[in-house]
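Read through the structure below, which is laid out as structure tokens, and then see the notes.
Per chain, numbering begins at 1; letters A, B, ... match sequence-line order.
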Amino acid sequence: MPELPEVETVRAGLEKYIVGQQIRNIETFHPRALKPSSLLPLSAVNGAKINSIRRRGKFLWLELDREFVLVAHLGMSGQLLVQKSHVKDHPHLRARISLSGLIKGYANEVRFIDQRTFGWLSVEQVFEGIPTSVLKISKDPFESEFDLRQVVTNINRRKTAIKPAILNQNIISGIGNIYADEALWRAKIHPEIICEDLNENEIKKVIKSAISIMKLSIKAGGTSFDEAYKNVNGESGYFSRSLKVYGREGEPCPRCRSKIRRIAFTNRSSHFCPRCQR
DNA sequence: CATCGACCCTGCGGGC
DNA sequence: TGCCCGCAGGGTCGAT
């Protein structure tokens with residue numbers, strides 16, 4: 001569920017609360033909480049000091065005073081909450097990272113909660129600062145080395161529809177189903193148009209739209225529809241009220257008042273305006 | 001390489 | 001009241 005803006009909200013929250021802290025112990029309560037390909041068991045990070053919190057796309061990792069890092073992916077329903085140890089365990093608690101000191105004088109744990117268990121933690125090596133599992137995906141648009149021209153050229157060569165292309169984390173990372181639909185609406189591009197049939201300016205407009213929308217969402221603390229997405233303090237973001245098409249099937253298009261349509265394709269829902277997006 | 005479908009999970013709401 | 005179905009913001013894998 002969390003896309004780049006939601007993961008960035010979590011990253012910033014962790015940065016605020018746990019940088020400089022030392023990991024005392026990590027417990028897991030579900031076998032899927034540890035990624036099977038993890039280089040080492042989670043106990044390898046016991047005693048490590050947290051130097052910084054980094055992110056690329058939807059992947060998050062803690063840089064430590066070690067040769068390896070602790071990587072986290074939230075999957076569809078993952079949350080990382082900064083909590084006090086006496087707070088009752090959530091039924092979907094998958095892992096507990098206990099810290100040596102008190103966070104901002106009161107909390108002392110980071111809890112990984114994940115209803116659907118698609119999220120995971122793992123201990124990984126880094127190559128030029130990037131963990132192994134993150135090497136597989138492309139840079140996200142908020143990285144300074146992000147190359148818009150190269151992404152546009154890449155997409156323009158493809159024979160798939162534009163929507164799966166912008167969701168493909170190997171081309172550009174961070175965009176998920178919500179921001180893909182929002183970006184395509186803003187750029188007035190139908191989600192099923194084949195990449196090859198678009199021109200470079202149209203593709204550029206889609207990517208730039210995604211970037212603008214994600215920036216706004218980060219400012220609003222991300223998108224929350226329900227209990228499923230929370231920041232590290234357990235609070236919801238406000239961006240859902242700014243969504244133009246996602247989850248608004250049957251409602252009027254904010255531009256032309258036509259009814260927003262929802263179609264299923266490539267196993268996901270797409271929301272778009274049939275009049276603005278041809 | 002690029003693309004597609006199946007699969008990995010749990011829980012919710014709607015229709016019957 | 002139940003039951004079944006579709007649906008949910010993620011990625012990975014193997015077949016083609």
Original post:
Taking a hydrophobic cluster as the set of Ile, Leu, Val, Met, Phe, Trp and Tyr residues connected by side-chain heavy atoms closer than 4.5 Å, whether directly or through intermediates, do Tyr179(A) and Val206(A) fall within one such cluster?
Top reply: yes

Original post:
Hey, does Lys215(A) have a side-chain heavy atom less than 4.5 Å from the side chain of Phe142(A)?
Top reply: yes

Subject >> Spacing of the P atoms in dG11(B) and dG11(C) (rounded, Å) >> reply: 22 Å

Subject >> Under 4.0 Å protein heavy-atom contacts per nucleotide of nucleotides 4-11 of chain B, with B for base, S for backbone only and - for none >> reply: S---BBBS

**OP:** Send over the distance from Asp181(A) CG to dG10(C) P, rounded to a whole Å.
**Re:** 10 Å

Subject >> By salt bridge (Lys or Arg N to Asp or Glu O under 4.0 Å) - contacts of Asp114(A) (at least two apart) >> reply: none

Original post:
What is the distance from CG of Leu243(A) to P of dG9(C), rounded to the nearest Å?
Top reply: 12 Å

Original post:
Between Ala264(A) and Gly174(A), who's closer to the 5' end of DNA chain C by nearest nucleotide?
Top reply: Ala264(A)

Subject >> Heavy-atom side-chain contact between Trp120(A) and Val71(A) under 4.5 Å >> reply: yes

Subject >> Atom pair distance, as rounded to whole Å: CD1 in Ile166(A) and P in dG9(C) >> reply: 14 Å

Subject >> Heavy-atom side-chain contact between Cys253(A) and Cys256(A) under 4.5 Å >> reply: yes

Subject >> Phosphate OP1/OP2 of dA8(C): any Ser269(A) side-chain N/O under 4.0 Å >> reply: yes

**OP:** For Arg248(A), check salt bridge (Lys or Arg N to Asp or Glu O under 4.0 Å) against everything at least two apart and list the hits.
**Re:** Glu251(A)

**OP:** Kindly state which residues belonging to residues 201-220 of chain A come within less than 4.0 angstrom of DNA chain B, counting heavy atoms of the residue only, listed by number.
**Re:** none

**OP:** Kindly say whether Val245(A) contributes a backbone atom to a donor-acceptor pair with the side chain of Glu182(A) at under 3.5 angstrom?
**Re:** yes

Subject >> Distance between P atoms of dA6(B) and dG6(C) (Å, rounded) >> reply: 14 Å

Pick out the pairs of N or O atoms, protein on one side and nucleotides 11-13 of chain C on the other, that lie under 3.5 Å.
residue, atom, partner, partner atom, Å
dG11(C), OP2, Lys58(A), NZ, 3.2

Original post:
Where along residues 186-199 of chain A does a heavy atom fall under 4.0 Å from DNA chain B?
Top reply: none

Original post:
Can Arg56(A) be said to sit on top of Trp61(A)'s aromatic six-ring, NZ or CZ under 6.0 Å from centre and within 45° of the ring axis?
Top reply: no

Subject >> Arg94(A) side chain reached by Arg32(A) side chain, heavy atoms, under 4.5 Å >> reply: no

Subject >> Sequence-distant partners of His90(A), ring-ring contact (aromatic ring centres under 6.0 Å, His included), two or more places apart >> reply: His92(A)

Subject >> Non-neighbouring partners of Tyr246(A) that pass ring-ring contact (aromatic ring centres under 6.0 Å, His included), sequence neighbours left out >> reply: Phe225(A), His271(A)

Original post:
Does Phe146(A) have any side-chain contact (heavy atoms from CB on, under 4.5 Å) partners at least two apart in sequence or in another chain, and if so, which?
Top reply: Pro141(A), Leu148(A), Val151(A), Ile172(A), Ile207(A), Ile211(A)

Subject >> Euclidean distance, atom CD of residue Gln79(A) to atom C1' of dG9(C) [Å, nearest integer] >> reply: 12 Å

Original post:
Looking at side-chain heavy atoms only, is the closest gap between Asp89(A) and Arg111(A) below 4.5 Å?
Top reply: yes

**OP:** Write out the stems for DNA chain C, ordered by first number and formatted as range with range, counting runs of at least 3 consecutive Watson-Crick or G-U wobble pairs under 3.5 Å.
**Re:** B:2-8 with C:10-16, B:10-16 with C:2-8

**OP:** Assign Phe225(A) to base, sugar-phosphate, or nothing according to its heavy-atom contacts below 4.0 angstrom with the strands shown.
**Re:** base

Subject >> Between C1' of dG9(C) and CG of Asp114(A), the distance in whole Å >> reply: 12 Å

Subject >> Gap in Å between the two P atoms, one belonging to dC7(C) and one to dG5(B), rounded >> reply: 16 Å

Original post:
Any chance the side chains of Ser77(A) and Gln115(A) put a donor and an acceptor closer than 3.5 Å?
Top reply: no

Subject >> Out of dG9(C), dC7(C), dT3(B), whichever nucleotide has its closest atom nearest the side chain of Tyr229(A) >> reply: dG9(C)

Pair up each side-chain donor or acceptor in residues 35-53 of chain A with any protein partner under 3.5 Å, not counting sequence neighbours, and list the distances.
residue, atom, partner, partner atom, Å
Ser38(A), OG, Leu40(A), O, 2.6
Ser38(A), OG, Val123(A), N, 2.9
Ser52(A), OG, Glu63(A), OE1, 2.4

**OP:** Is it possible for you to say whether Ile130(A) and Phe127(A) belong to one hydrophobic cluster, with membership spreading through side-chain heavy-atom contacts below 4.5 Å?
**Re:** yes

**OP:** Under the side-chain contact (heavy atoms from CB on, under 4.5 Å) rule, collect the residues that match up with Glu200(A), sequence neighbours excluded.
**Re:** Arg149(A), Val152(A), Thr153(A), Asn156(A)

